[in-house]
Amino acid sequence: MFSAFDQIFTVANMQYLLRGALISLGIAAVSLLIGLIFGIIGASCKISKHAFLRAIGNFYVEVIRGTPMLLQIMIIFNVIPIIVTSFTGQAFRMNYYVIGIVAMSINSGAYTTELIRSGINGVDKGQWEACETLGLTHWQTMRLVVLPQAFKRIVPPVVSEFITLIKDSSLISTIGAIELMNSAKVLGATYYEYMSPYCLAAVFYLAMTLTISMFAKKLEGKLAESD
Amino acid sequence: MISNDSMIKVEHITKRFGKKVAVDDVSLNLNRGEIVCLIGPSGSGKSTVLRCIDHLEKPEEGQVYIEGQLLDQKDKNYSMLRRKMGFVFQHFNLFPNMTVMGNLTVAQIQVLHRDEAEAREIALKYLRIVDLEEKQDEFPNKLSGGQKQRVAIARSLCMNPEIMLFDEPTSALDPEMVIEVLEVMRNLAREGMTMMVVTHEMGFAKTVANRVIFLEDGKIIEENDARSFFENPQTDRAKLFLSKVMY
Ligand SMILES: Nc1ncnc2c1ncn2[C@@H]1O[C@H](COP(=O)(O)OP(=O)(O)OP(=O)(O)O)[C@@H](O)[C@H]1O
Ligand SMILES: [Mg+2]
């Protein structure tokens, strides 16, 4: 099974996998950040007074969470060049990584929308009432009282979302991006042996996810201290 | 000390939650310096009456007047009128993300536009009144229930309200902490604050209140000066209620 392990387990190949791992990590991190912006917008829509904005927020969340991420990647992969071409009139081929980031950001945004919304809704309504009786406006209450409390509830699940994104970034190997998953495949094809590179990729994935979840546990403890 | 100018006037307010009529055509009046206790069995609508006065709940029918002025959401003095009232909650509702000092200054700075130094000075003055000056840099989670409620009272007082509304301020407290909170309220009463207090503390109602309003099923069943109410209740329902809560 691991017939070519000795040939594969070289410094150069490990560097190759490491590069893939860093790309996966980078794509996940950028997607998380852009996704957080979408999440803030989405959550603002979902808790808005306006029914229309709430409908948009719901539509976004339900569509994204109700369809496979792989399908979303494929659609974006096909749709973006068509849109760009229709504007510029020129054939267009976008960078695989950018497509991956766009798709993953949109996907992650739907999940963080829900995380942020439930974080805000989880703040005791007595806090709103106390602010109301003190004369604070809606936005002052949100900014000074509710969001700081919601933040603590939001951080731990956002870290889990980051871990999910690192794993799910493997899906963009299907459109040709050379991240960790694809790097392993390339090594497998080179040596006609896939088990060794796949298992090595697993080690790299685990190194990233376990480190982050360890960090998350520490952070959670810190955040819980003042409750 | 009680004068004849009306601080709160409630006219025929009704509030429903779905089919349930929580407050049913209630009218009442509170003069400057007066202390009124709202009592009645659980679910009788005491909290809802108090919350309607402060517009935490909007009554569906009827009007609330503060110092003779109609409390109306569409009116431009709406928030100014609401600010004349301080509200103390059963569960304190302190802001856990701020220190005691932060709790006491945030609205002063944001709403009254006091500068920070002035706000802190005023906060300290009220912390001294509730005897918690040394806790100014603590977070609320480090305080006992009684201390939390005293901070919450101080927080309201920092906004210089003319009326204080209390919704069962001691019901969430361990018995040994009830006294310290009632003592603060007693002092406020002595200073001439106009107060409306929902409470199960009959001893407090008896000794501090000028007047008692007894509610049941959302309606005012009996209203009398405190002494007459406790010594000589007029209605059977008030008699029955008192026989259950006084031992
Ligand atoms: N937000 C709400 N939604 C639905 N029903 C409510 C709500 N608030 C109060 N009620 C109902 O209205 C009635 C009056 O409630 P309220 O809280 O005013 O009573 P209370 O006299 O303060 O009781 P307690 O002594 O238990 O605090 C109750 O039947 C209660 O179930
Ligand atoms: Mg109540």
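No experiment lies behind these values; they were computed from the predicted model shown.
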> Between chain A and each of B:Phe87, B:Phe95, B:Phe92, count heavy-atom pairs under 4.5 Å; write down the option with the most.
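Answer, by heavy-atom pair count under 4.5 Å with chain A: B:Phe95.
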> Top residue by heavy-atom pair count (under 4.5 Å) with chain A, among B:Arg51, B:Arg83, B:Met80?
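Heavy-atom pairs under 4.5 Å are most numerous for B:Arg51.
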> Could you give me the CA-CA distance, side-chain angles and deciding distance for A:Arg65 and A:Glu114, then say whether side chain to side chain contact (heavy atoms under 4.5 Å, CB included) is met?
CA-CA 10 Å; A:Arg65 296 207 306 183; A:Glu114 279 304 295; 3.4 Å; yes
> For the pair A:Ile178 and A:Ile23, evaluate side chain to side chain contact (heavy atoms under 4.5 Å, CB included) and give the outcome as yes or no after the intermediate values.
CA-CA 8 Å; A:Ile178 311 288; A:Ile23 289 172; 5.6 Å; no
> Please check if atom OH in A:Tyr198 has more than 12 non-hydrogen atoms from other residues, nucleotides or ligands closer than 6.0 Å.
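Correct, the count exceeds 12.
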> What residues of residues 135-145 of chain A sit under 4.5 Å from chain B when you count only heavy atoms?
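So the qualifying residues are A:Gly135, A:Leu136, A:Gln140, A:Arg143, A:Leu144, A:Val145.
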> In sequence, state the C-alpha distance, the side-chain angles, and the governing distance for B:Glu67 and B:Lys9, and then conclude on salt bridge (charged side-chain N to carboxylate O under 4.0 Å, His left out).
CA-CA 8 Å; B:Glu67 294 189 329; B:Lys9 194 177 178 67; over 6 Å; no
> Indicate the atoms forming the closest heavy-atom contact of A:Glu161 with A:Ser108, along with that distance.
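A:Glu161 and A:Ser108 have their closest heavy atoms at OE2-OG, 2.9 Å.
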> Could you tell me whether the side chain of B:Glu138 and the main chain of B:Lys135 form a donor-acceptor pair under 3.5 Å?
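No, the answer is negative, given that no donor and acceptor are paired below the 3.5 Å cut-off.
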> Please check if atom OH in B:Tyr78 has more than 12 non-hydrogen atoms from other residues, nucleotides or ligands closer than 6.0 Å.
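More than 12 within 6.0 Å, yes.
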> Side-chain donor-acceptor pair under 3.5 Å between A:Gln127 and B:Asn93, yes or no?
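There is no such pair between these side chains.
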> Grab the two heavy atoms, one from A:Ile73 and one from A:Ala103, that are nearest each other, plus how far apart they are.
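Looking at all heavy atoms of both residues, the shortest contact is CG1-CB, 3.8 Å.
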> Search all heavy atoms of B:Ile8 against all heavy atoms of B:Asn29 and return the closest pair with its distance.
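Where B:Ile8 meets B:Asn29 most closely, the heavy atoms are O-OD1, 3.1 Å.
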> Kindly give the heavy-atom pair with the smallest separation between B:Glu60 and B:Arg16, and that separation in Å.
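The answer is OE1-N, 2.8 Å.
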> Counting only non-hydrogen atoms closer than 4.5 Å, can you tell me which residues of residues 34-52 of chain A sit against chain B?
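Near chain B, by residue number: none.
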> Non-hydrogen contacts under 4.5 angstrom with chain A: give the residues of residues 158-172 of chain B involved, or none if there are none.
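Only B:Met159 of residues 158-172 of chain B have a heavy atom under 4.5 Å from chain A.
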> Does the cation-pi check pass for B:Lys15 over B:Phe17, that is, NZ or CZ under 6.0 Å from the six-membered ring centre and within 45° of its axis?
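That pair qualifies as a cation-pi contact.
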> Would you say B:Asp137 and B:Thr99 are linked by a side-chain donor-acceptor pair, where the criterion is simply a distance under 3.5 Å?
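The criterion, which ignores hydrogens and geometry beyond distance, is not satisfied for B:Asp137 and B:Thr99.
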> In sequence, state the C-alpha distance, the side-chain angles, and the governing distance for B:Leu30 and B:Met196, and then conclude on side chain to side chain contact (heavy atoms under 4.5 Å, CB included).
CA-CA 8 Å; B:Leu30 200 65; B:Met196 188 141 182; 4.1 Å; yes
> For B:Ile13 and B:Glu61: C-alpha separation, side-chain torsions, deciding distance, then whether side chain to side chain contact (heavy atoms under 4.5 Å, CB included) applies.
CA-CA 5 Å; B:Ile13 56 166; B:Glu61 290 158 35; over 6 Å; no
> Please check: side-chain N/O of A:Tyr60 versus main-chain N/O of A:Ala110, any donor-acceptor pairing under 3.5 Å?
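Yes.
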> Report, in residue-number order, which members of residues 107-125 of chain B are under 4.5 Å from chain A by heavy-atom distance.
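So the qualifying residues are B:Ala107, B:Gln110, B:Val111.
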> Above 12 or not: heavy atoms from other molecules or residues under 6.0 Å from NZ of A:Lys217?
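Atom NZ in A:Lys217 is not packed in, count stays at 12 or less.
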